[in-house]
Amino acid sequence: MRGVASASGDRAPIRQRPGRAAGGGRTDRRSGHVDCRHRVGSRSDRCDPRLASMPARSRRSDRPAGLERGPRPRSPATAILAPYVPAAYPEKEPPSMTDPSTTPVRVRFAPSPTGALHVGGARTALFTWLFAHGEAKRAGRDGTFVLRIEDTDRNRLVPGATEAIFDVLAWFGLTWQEGPDVGGPHGPYVQSERADLYREHAEGLIAAGHAYRCFCTPERLAEVRREQEARKEPTGYDRRCRGLAGEEVAARLAAGERSVVRFAMPLDGETRFVDLIRGEIVYQNATLEDLVLLKGDGFPTYHLANVVDDHLMAITHITRGPEWIPSAPLHVRLYDAFGWAMPVLAHMPLILAPGGGKLSKRHGATAMEEFRSQGYLPEALANYLVLLGWSFDATTELFSREDLLEKFSLERVSASPATFDYAKLRWFNKQYINHVLGLDDLTARVVPFLAAAGLVDPAAADAGHPDFARLRPAVALLKDRIETLDEAPELLGYFLRDEADPYDPTLLIPKKLGLEETLDALLAVERTLEEVDLGDEAATEARFRALADELGLKPGQLFMPIRVAVTGRTQTAGLFETMRVIGRERCLGRVAAAAGVLRRHGDEALSADD
RNA sequence: GCCCCCAUAGUCUAGCGGCCCAGGACGUCACCCUUUCAAGGUGAAGAUCGCGGGUUCGAAUCCCGCUGGGGGUACCA
């Protein structure tokens, strides 16, 4: 048993892998070796004793009733819903905790208003939301999803970004119970409004010897780094100010010298924590830095703000992107320095760009707002995104929001990075448009895109609006052909305008047919159109098939010129249903126009020949 | 450089020691349906389970190493 607290509470020594003595190791997540993080002799009931003592396999049947549904979870056999895992090392008696089976689950999504919301962030938000509202509730726990704005970087602040995040999150179908706009018992929910809190906590850490004032200038830091690089040493702050005498600090402070607050990382030993989806991760403290907690401008860094807020807001599970794993040991140490209970950590898997690396504009849309304006449905995007790193079983792929609330579990989230596949997203979007959405729903959703192209009234999304009634039958015909909503103007335009789309006259002439014959056919079509009832598709089709016969043409040879004349395109829905929806008057006008166009085209061709 | 994470077809994944000479989906290709394009149906190609050792009667599954990919390395989050 490596790195595992046994049932009796004994801590087995961690064996370092040969050749990696300075590095970390981790407990295998599948073996169920989970460090309950108690010091020797501490109360072992903080970890479910069954979990601590039983072999991994037999544990699974011992899960709480609410966690048994669906396929077996594949992450470490941590009691995932026991939130207050005591701080992660043995020097200190962990704080007492409330009954894990009834403690409400509180999670948060904490974007930074430095720009548009990225898909990766949105997926983290989705997983987090599903955990609170699905998994937690299934286990009989209250689940609260908190929205917090992390705007402590005053330089990168983008005006309007916060509102844009609210907006796109709402579009994505994520609701928050506490947040800047809705308030809540743990506010304010905007970090810039909590600056005093962070300062006080930083002072507390200094007083307790866990942090110190650092007067080193950015210039000196850069110089230190240069020297380290030149000597090929690991780079990092050299801790020059760590040993400063109290009097000197006071004097320099009094002199108004600018300073930051740094955390005093233990110089040796190790820091370990359990990542819910990866298992235990161990860091050697010697490799960790004295990171800045409070910046020169008085604002906290992410590290301080995050820990203070998560604790004050009673967050039980920290879900965030994988880029935070390397700073997790600092956070663990901070919780301990404050004497606070450590929330459960769960770092989501990375989303990679098609060629590898980070997803960027070069590959396509990256911001949620872009996906929205490109005509992706929020439910399709959610369905695609949830499957990027999570799966329910071997075959299910379409999940409604309700399905997800019923089936999603953080434990089945994969640790390995996933490549973003635009083609597959597109497929999901098609699935929802073609087969999931009802006709009225789809009609309403297409309206903003058509309105932007000036094709319908923006108010037409209302089913009572006359444009809605005009639009709906056309949408019915093109439903199976729309992949993204932004294609609507292109696909539906000729139903909404009086004329057909502009087209190349030669498209009117079918294969193996001359211009004259085509013109004759078109004139015959015009006459036939006069006498036919377009509302009766079957009869119309029969009549036109007969006409083809009379003209000595194959049906297809007749239908294509009609299609082009009536729509301006070679690819449409069924010809007769299309004509029905366009209506006789407009069809007649368009066929007549086509005949005219063809005649002129023929004249031009003749004169060109001369 | 240092630290950490990850590793099943081009991509997303199922798989938790025998049911797997590996299942599903996207993409690709073919055929069917057919007035065009879709949708739908059927089928095919595509994975020496990254490589090498080990444990075991038996390994995609457990262990070790290597390699590869990725993340972090800020008074950004």
Side-chain angles (χ1 to χ4, degrees), chain A residues 17-19 22-24 26 28 30-31 56-57 60 71-72 74 110-112 114 150-153 155-156 214 216-218 221 225 228-229 232-236 258-262 275 278 281-284 287-289 291-297 299 301-303 305-306 321-329 347 349-350 352 354 356-358 384 387-397 414-421 423-428 430 434-435 478-483 541 544-545 548 554-560 562-564 569-576:
Chain A
R17 281 184 242 173
R26 59 169 260 237
D28 168 59
R30 294 221 161 99
S31 69
R57 247 165 301 136
R60 294 192 176 105
R72 283 187 295 186
R74 55 192 172 194
S112 170
T114 51
E150 309 214 328
D151 59 345
T152 56
D153 185 341
N155 301 319
R156 292 200 308 153
C214 169
C216 295
T217 62
L221 262 22
R225 160 174 281 273
Q228 287 164 333
E229 277 169 0
K232 297 201 185 241
E233 285 172 7
T235 54
R258 192 178 163 99
S259 69
V260 302
V261 175
R262 287 184 182 273
D275 179 292
R278 270 162 268 258
I281 298 174
V282 182
Y283 278 82
Q284 297 304 312
T287 66
L288 270 16
E289 285 200 63
L291 258 25
V292 170
L293 262 21
L294 206 60
K295 299 182 272 189
D297 64 1
F299 280 91
T301 58
Y302 170 87
H303 309 297
N306 177 262
E323 67 274 19
W324 295 111
I325 294 175
S327 48
H347 294 96
L350 195 73
L352 256 30
K358 280 184 183 164
Y384 172 70
L387 255 12
L388 211 54
W390 173 83
S391 67
F392 176 66
D393 57 21
T395 54
T396 318
E397 55 200 356
S414 157
S416 47
T419 306
F420 197 94
D421 181 354
K424 192 158 185 175
L425 200 216
R426 223 177 152 73
W427 179 82
F428 272 105
K430 270 201 296 205
N434 301 350
H435 304 300
L478 273 308
K479 196 170 161 42
D480 283 348
R481 279 153 256 249
I482 300 174
E483 295 192 354
E541 177 168 352
F544 278 96
R545 282 186 185 278
K554 287 189 202 161
Q557 283 182 301
L558 178 62
F559 295 173
M560 188 50 88
I562 303 178
R563 168 175 290 113
V564 172
R569 346 181 89 244
T570 55
Q571 301 174 0
T572 70
L575 179 58
F576 303 102

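First the proteins, then the strands, lettered A, B, ... as listed; each starts at 1.
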Does a nitrogen or oxygen in the side chain of [X] sit under 4.0 Å from OP1 or OP2 of [N]?
| X | N | value |
| --- | --- | --- |
| A:R569 | B:U36 | no |
| A:K479 | B:C37 | no |
| A:T152 | B:A77 | yes |
| A:R545 | B:U35 | yes |

Which nucleotide wins on minimum distance to the side chain of [X], given the candidates [options]?
| X | options | answer |
| --- | --- | --- |
| A:H435 | B:C5, B:G40, B:C26 | B:G40 |
| A:R258 | B:G71, B:G23, B:C75 | B:C75 |
| A:P326 | B:C76, B:U36, B:G71 | B:G71 |
| A:T301 | B:C76, B:G1, B:G70 | B:C76 |
| A:S416 | B:G27, B:U13, B:C6 | B:C6 |
| A:K424 | B:G1, B:C26, B:A77 | B:C26 |
| A:A415 | B:C26, B:G70, B:C6 | B:C6 |
| A:K358 | B:G71, B:C75, B:C76 | B:G71 |
| A:N434 | B:U73, B:C75, B:A39 | B:A39 |
| A:L352 | B:C6, B:G70, B:G71 | B:G70 |

Roughly how many Å is it from [atom1] in [X] to [atom2] in [N], rounded to a whole number?
| X | N | atom1 | atom2 | answer |
| --- | --- | --- | --- | --- |
| A:E323 | B:U73 | CD | C1' | 14 Å |
| A:H303 | B:A74 | NE2 | P | 10 Å |
| A:E397 | B:C26 | CD | P | 6 Å |
| A:R225 | B:G1 | CZ | P | 15 Å |
| A:W324 | B:G72 | CH2 | C1' | 10 Å |
| A:R262 | B:U73 | CZ | P | 14 Å |
| A:Q557 | B:U36 | CD | C1' | 14 Å |
| A:F428 | B:C26 | CZ | P | 9 Å |

For the backbone of [Y] and the side chain of [X], can you confirm whether one donor and one acceptor N or O come within less than 3.5 Å of each other?
| X | Y | value |
| --- | --- | --- |
| A:T396 | A:D393 | no |
| A:K295 | A:T152 | yes |
| A:Y384 | A:D421 | yes |

Which nucleotide, if any, forms a Watson-Crick or G-U wobble pair with [N], using both distances under 3.5 Å?
| N | result |
| --- | --- |
| B:U73 | B:G1 |
| B:U11 | B:A25 |
| B:C19 | none |
| B:A39 | none |
| B:C51 | B:G65 |
| B:U34 | none |

Just call it for [X]: base, sugar-phosphate, or nothing, with non-hydrogen atoms closer than 4.0 Å on any strand.
| X | value |
| --- | --- |
| A:L387 | sugar-phosphate |
| A:V260 | base |
| A:G357 | sugar-phosphate |
| A:E289 | sugar-phosphate |
| A:R426 | nothing |
| A:A573 | base |
| A:P417 | sugar-phosphate |
| A:F420 | nothing |

Taking the [atom1] atom in each of [N] and [M], what is the distance between them to the nearest angstrom?
| N | M | atom1 | answer |
| --- | --- | --- | --- |
| B:U13 | B:U8 | C1' | 9 Å |
| B:C62 | B:C16 | C1' | 10 Å |
| B:A38 | B:G27 | P | 13 Å |
| B:G52 | B:C75 | P | 45 Å |
| B:G23 | B:U67 | P | 33 Å |
| B:G53 | B:C12 | P | 28 Å |
| B:A22 | B:G65 | P | 30 Å |
| B:C6 | B:G18 | P | 23 Å |

What distance do [X] atom [atom1] and [Y] atom [atom2] have between them, rounded to the nearest 0.5 Å?
| X | Y | atom1 | atom2 | answer |
| --- | --- | --- | --- | --- |
| A:L294 | A:R262 | CG | CZ | 12.0 Å |
| A:T114 | A:D151 | OG1 | CG | 10.5 Å |
| A:T301 | A:E150 | OG1 | CD | 10.5 Å |

Discussion item. Are A:W324 and A:Y302 an aromatic pair, judged by ring center distance below 6.0 Å?
Written reply: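 They qualify: ring centres under 6.0 Å apart.
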
Item to complete: Hey, which sits more toward the 5' end of RNA chain B by its nearest nucleotide, A:T419 or A:D151?
Response: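 Comparing both residues, the 5'-ward one is A:T419.
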
Practice prompt. Using the closest heavy atom to pick a nucleotide of RNA chain B for each, name whichever of A:G296 or A:A418 lands nearer the 5' end.
Written response: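 Nearest nucleotide further toward 5': that of A:A418.
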
Discussion item. What I want to check is whether an N or O donor and acceptor connect the side chain of A:R481 with the base of B:C37 at under 3.5 Å.
Written reply: yes

Worksheet item: Does A:K430 get its side chain close enough to the base of B:A39, under 3.5 Å, for a donor-acceptor pair?
Response: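 Looking at the base of B:A39, it does not pair with any donor or acceptor on the side chain of A:K430 (distance under 3.5 Å).
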
Worksheet entry | A:T572 versus A:R569, closest heavy-atom pair with distance |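 The answer is CG2-O, 4.1 Å.
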
Fill in: Exercise: identify the closest heavy-atom pair between A:L291 and A:H303
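A:L291 and A:H303 have their closest heavy atoms at CD2-NE2, 4.0 Å.
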
Worksheet item: Could A:R278 and A:D275 be called an ion pair, given the rule that one side-chain N must be under 4.0 Å from one carboxylate O?
Response: yes

